[in-house]
Structures are given as C-alpha cells and as structure tokens.
Amino acid sequence: MSRKRAVIKRSQTHVHEFTASTRLAEAGADRHNHRFAGVTGQVIPVGNNHVHEITLVNTDFLNHFHEVRRIRTGLAIPVGNGKHVHFVRGSTTLNDGHVHRFNFATLIQQPLV
C-alpha cells in the first residue's frame, strides 16, 4: 500500500541580521566582553505584530566562549520606509563562572529591497 505524505508549504517571511557585544563581566585583569553575530529565525506572529527567535549563536573565543540561545526579540519597531528593527535583551550561558548581559537592535530586514 502506498502512502502519500502531505506536504505543507509555508511561505517564507523575513529574518534580521545582527551583530552585538556583551556587557563587561568579571573584575580586574579578568574583566572582558565578547562579540557575536548571526541571523534571526523567521517571523513569529504576535497579534498584529511579530517577534523572531535567535536559536543558537556562539560568542567569540577568548579563553572561553558563551552561547546566546533561545532568545526572543521584542516586537517590530518601525524605522520608516516600510522597514523595522527589533530590540533584543538577555544573557549568555554560564561559562568560566560568569554570564554576560546584552542588549542590541537588529539590522533592518531586506536592506537592499
């Protein structure tokens, strides 16, 4: 017996690039921060607006690194000309005995369109 699989077609929405630095952590000679960059997931509808999820991104490596994972952006913030950004805040994973807080804005969606 042959079974046909149902294929659900979803239209793609949009994503946002981001590049950010963490806040400083630790004290004295160990005081440091990290950088990270990536691309959000697609649109997650929230009423008449939407958010995005950052699933998993690693920070840069000093003598250790951290992960930024399962972070949701804030709602879309219009910046004119039909474009928008999202504000993001959160904390990295614990590594080397500390975490780093961060906050940043995504880049606009589809910058050349």
Side-chain angles (χ1 to χ4, degrees):
M1 218 183 226
S2 170
R3 286 187 180 178
K4 289 186 179 181
R5 282 193 151 166
V7 176
I8 299 172
K9 286 191 174 187
R10 292 187 205 172
S11 62
Q12 291 183 334
T13 54
H14 69 271
V15 296
H16 293 265
E17 298 168 279
F18 58 88
T19 180
S21 294
T22 65
R23 291 189 179 173
L24 293 167
E26 297 194 297
D30 288 336
R31 194 163 175 83
H32 68 282
N33 73 330
H34 295 271
R35 296 174 299 171
F36 58 97
V39 177
T40 68
Q42 293 192 65
V43 167
I44 300 168
V46 176
N48 291 331
N49 207 317
H50 69 278
V51 297
H52 297 266
E53 185 169 273
I54 297 169
T55 306
L56 176 64
V57 175
N58 289 337
T59 67
D60 60 355
F61 184 84
L62 296 170
N63 62 348
H64 66 280
F65 70 94
H66 301 268
E67 294 176 344
V68 173
R69 60 178 157 183
R70 307 210 110 204
I71 301 289
R72 287 221 171 159
T73 70
L75 296 171
I77 302 167
V79 295
N81 204 24
K83 302 291 184 178
H84 68 272
V85 298
H86 296 265
F87 189 69
V88 184
R89 72 178 74 201
S91 295
T92 65
T93 55
L94 175 68
N95 198 349
D96 197 36
H98 64 275
V99 299
H100 293 267
R101 293 186 180 278
F102 56 81
N103 55 38
F104 63 91
T106 65
L107 301 176
I108 61 172
Q109 84 283 10
Q110 303 168 334
L112 298 178
V113 179

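The figures here come from the full heavy-atom set of this structure, side chains too, leaving out hydrogens, waters and symmetry mates. Just so it is clear, the structure is predicted and the values come from calculations on it, not from any experiment.
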Please tabulate, for the side chains in residues 18-27, all donor-acceptor contacts under 3.5 angstrom to protein atoms that are two or more places apart in sequence or on a different chain.
{"unit_1": "Thr22", "atom_1": "OG1", "unit_2": "His34", "atom_2": "N", "d": "2.9"}
{"unit_1": "Thr22", "atom_1": "OG1", "unit_2": "His34", "atom_2": "O", "d": "3.4"}
{"unit_1": "Thr22", "atom_1": "OG1", "unit_2": "His100", "atom_2": "ND1", "d": "3.4"}

How close do [X] and [Y] get, heavy atom to heavy atom, and via which atoms?
X      : Y     : value
Phe102 : Val68 : CZ-CG1, 3.7 Å
Phe36  : Asn58 : CB-O, 3.7 Å
Pro78  : Ala76 : CD-O, 3.8 Å

What's the separation between atom [atom1] in [X] and atom [atom2] in [Y], rounded to the nearest 0.5 Å?
X     : Y     : atom1 : atom2 : answer
Ile54 : Arg69 : CD1   : CZ    : 14.0 Å
Gln42 : Gln12 : CD    : CD    : 5.5 Å
Asp96 : Leu62 : CG    : CG    : 9.5 Å
Lys83 : His14 : NZ    : NE2   : 9.5 Å
His86 : Asn49 : NE2   : CG    : 7.0 Å
His52 : Thr13 : NE2   : OG1   : 6.5 Å

(request) Kindly work out whether a path of hydrophobic side-chain contacts (I/L/V/M/F/W/Y, heavy atoms less than 4.5 Å apart) joins Val57 to Val88. (result) yes
(message) Connecting only ILVMFWY residues whose side-chain heavy atoms lie within less than 4.5 Å of each other, what is the rest of Val85's hydrophobic cluster?
(response) Ile77, Val79, Phe87, Ile108
(message) With a sphere of 6.0 Å drawn around CG of Asn63, does it hold more than 12 non-hydrogen atoms of other residues, nucleotides or ligands?
(response) yes
(request) Describe, in one word, how the ring planes of His66 and His64 are oriented to each other, choosing from parallel (under 30°), tilted (30 to 60°) and perpendicular (over 60°). (result) perpendicular
(message) Donor-acceptor check, side chain of Thr93 to backbone of Glu67, threshold 3.5 angstrom: yes or no?
(response) yes
(request) Taking side-chain contact (heavy atoms from CB on, under 4.5 Å) as the test, write out the residues that go with Thr55, two or more places apart. (result) Glu53
